[in-house]
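These notes concern the structure reproduced below.
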Number of protein chains: 2
Amino acid sequence: MNAPNPSETAFSIAAVERDTGLAKDTLRVWERRYGFPAPTRDANGERVYPSDQVEKLRMIRRLLDHGRRPARIVGASVEELSSMLDSCLCPEGGTPAGRDDGLLQLVRLHRSVELAAALRQALMKQGLQRFVAETVAPLAAAVGEAWMRGEVDVPEEHLFTEQVQNLLRSAIGAHAASEGRPRVLLTTFPEEEHVLGLLMAEAMLVPEGASCLSLGTRTPLADIRSAAVGGGFDIVGLSFSIAYPARQAIDGLLELRALLPEEIGIWAGGGAVRDKQKRLPGIRVVGDLADTLAALQEWRKASA
Amino acid sequence: MNAPNPSETAFSIAAVERDTGLAKDTLRVWERRYGFPAPTRDANGERVYPSDQVEKLRMIRRLLDHGRRPARIVGASVEELSSMLDSCLCPEGGTPAGRDDGLLQLVRLHRSVELAAALRQALMKQGLQRFVAETVAPLAAAVGEAWMRGEVDVPEEHLFTEQVQNLLRSAIGAHAASEGRPRVLLTTFPEEEHVLGLLMAEAMLVPEGASCLSLGTRTPLADIRSAAVGGGFDIVGLSFSIAYPARQAIDGLLELRALLPEEIGIWAGGGAVRDKQKRLPGIRVVGDLADTLAALQEWRKASA
DNA sequence: GCGCCTCATTTGTCCTGGACAAAATAAACT
DNA sequence: AGTTTATTTTGTCCAGGACAAATGAGGCGC
């Protein structure tokens, strides 16, 4: 599971693409240009990546997501990369130790039963909004970081997502279908797969009496438009994970802004659009989950 | 939305890969071998696929999922492909007309608000188990068929999945976490993405007092084993969509059977394993949702 | 007839090494 | 400082060859 012995397992280029999200072409061109990765070859001349190189590629990927550029980091040692990651992470506010680490451990150890129980208990104790803001969001960030460090694998990430989805969807469903305003349409752009951002936003809004409808992930612009206009929505909410290319997010949002009638607001949240407010006229950039509530207040004030 | 004018939009090879699920390498090699697709080129010599060719590629992809082989179909005309698709679909039993068609129309027309409301209402009226067996399952089949025919697109499919997920997860969550037997672990193999099968199974079992835990999709065998053994489960339930390669399902199931202690049962359901019982000794093939309940009775009888 | 083994195709993925456009940065300018 | 223009950097695309894994056909024993 955690590949204790680095030389034990090896990866084909397709497997590395799946694991790191780096395209095959990119892996080959890095090898040509920077000399890394340096896979061995099998009997047929095909690349075989040892798992320590895959681990290093994951670190590099994570740094790229934080805005670094390949030339500067592909040649660096594991130690240098590790310290770069540390300096990337700490600024986001010191790791809040304690309870969350406990949950992260449950995820990493595949303690599925205990994880489900612990999350359920936290939800009961904190209520939906605090549960989202204080437990789910930090845990999601911690899992994301651990993922990039290679300490967490696909199945752990899925286990986590699945349990949180269960709780959030069921808690959201428990609020009677409200007819309240604003009516918010939630979704993501076609290249974005992550659904938790949407669910967290919905979980913040529904208890405030807003009526939300989620289209799920990967909705093309044209469909967002027709759903928003046809459904009489006041606001369209988009979520972007940290890995989503910022440029694409900005272009897409501006295009959507042009597509929608002016009276429909656009809210955008998530790592890829943070701090991009000034490049997004006519769009409300939601910095974090608490800011969602602020945006809601603003809307209600403005439309009163 | 539906690209009314075929010549209006054009696609890069990367876009076609996203839309059809056919790898870039595959698209290029088909062009070389079969003369189709035959994209035009832009100023830079890069392939530009007109949207009617992309549509045809989608049809081909669907036929491949049904077990046809490229050489036979890549050269065929759109009409021939269309009739092949028809003959693939009809044998599965005449389309059950009536109420479900109404819901399918809502999906196809992107009537997201009405769809959510109609589903919620059906759940209220029928109760969870009947809702799953009589509404969700037929609708899922109808959406699957429409998808095959190309009458339904990615966003429609996502809209449908999302709304059903919301309802099922919230209904399942409403049942207090039971400590009852059997304890069922639900998941899919790594190549299987579809989650609805798992949710439907869970929705059938939970009202019967079974205690279910879903790991979500895409769990490697080794992780299934450790979760099942470590969590003290009685049964592992696997779901396979119709598109999942039958051979892979059988091999994987037998391997899992060998991996798990004998006292843990394996249930397998979904299109890919239907009618494969005799090739799967030691595994309970669940034919349909009603059969899930039969399997449950058997287990309780045997373990009493 | 049915299951199992072997052989011939079919088919998807991988390879090399070159090219170029889009993005990001640095430099120059109002 | 803010905007325009050069100059890297970087990811994706192309061609055409190669090969192994998957699939189907043919032969053989039951």
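To find a chain, count down the sequence lines: A is the first, B the second, and so on, and within it residues start at 1.
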What does [X] touch in the nucleic acid at a heavy-atom separation under 4.0 angstrom: a base, only the sugar-phosphate, or nothing?
| X | value |
| --- | --- |
| Arg33(A) | base |
| Asp25(A) | base |
| Arg72(B) | nothing |

In whole angstrom, what separates Arg32(A)'s CZ from dT10(D)'s P?
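Spelled out: CZ on Arg32(A) to P on dT10(D) is 14 Å.
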Provide, to the nearest angstrom, the distance between the CG atom belonging to Leu64(A) and the C1' atom belonging to dT10(D).
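These atoms are roughly 10 Å apart.
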Please state whether the phosphate of [N], meaning OP1 or OP2, lies under 4.0 angstrom from any side-chain nitrogen or oxygen of [X].
| X | N | answer |
| --- | --- | --- |
| Asn44(A) | dC19(D) | no |
| Arg69(A) | dT10(D) | yes |
| Thr26(B) | dT13(C) | yes |
| Tyr34(B) | dT11(C) | yes |
| Arg47(A) | dT16(C) | yes |
| Lys24(A) | dC14(C) | yes |

With a sphere of 6.0 Å drawn around NE2 of His194(A), does it hold more than 12 non-hydrogen atoms of other residues, nucleotides or ligands?
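Open.
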Can you give me the bend angle of the helix from dG1(C)-dC30(D) to dT30(C)-dA1(D)? Use the axis through the first five pairs and the one through the last five, nearest 10 degrees.
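Between the first-five-pair axis and the last-five-pair axis there is 40°.
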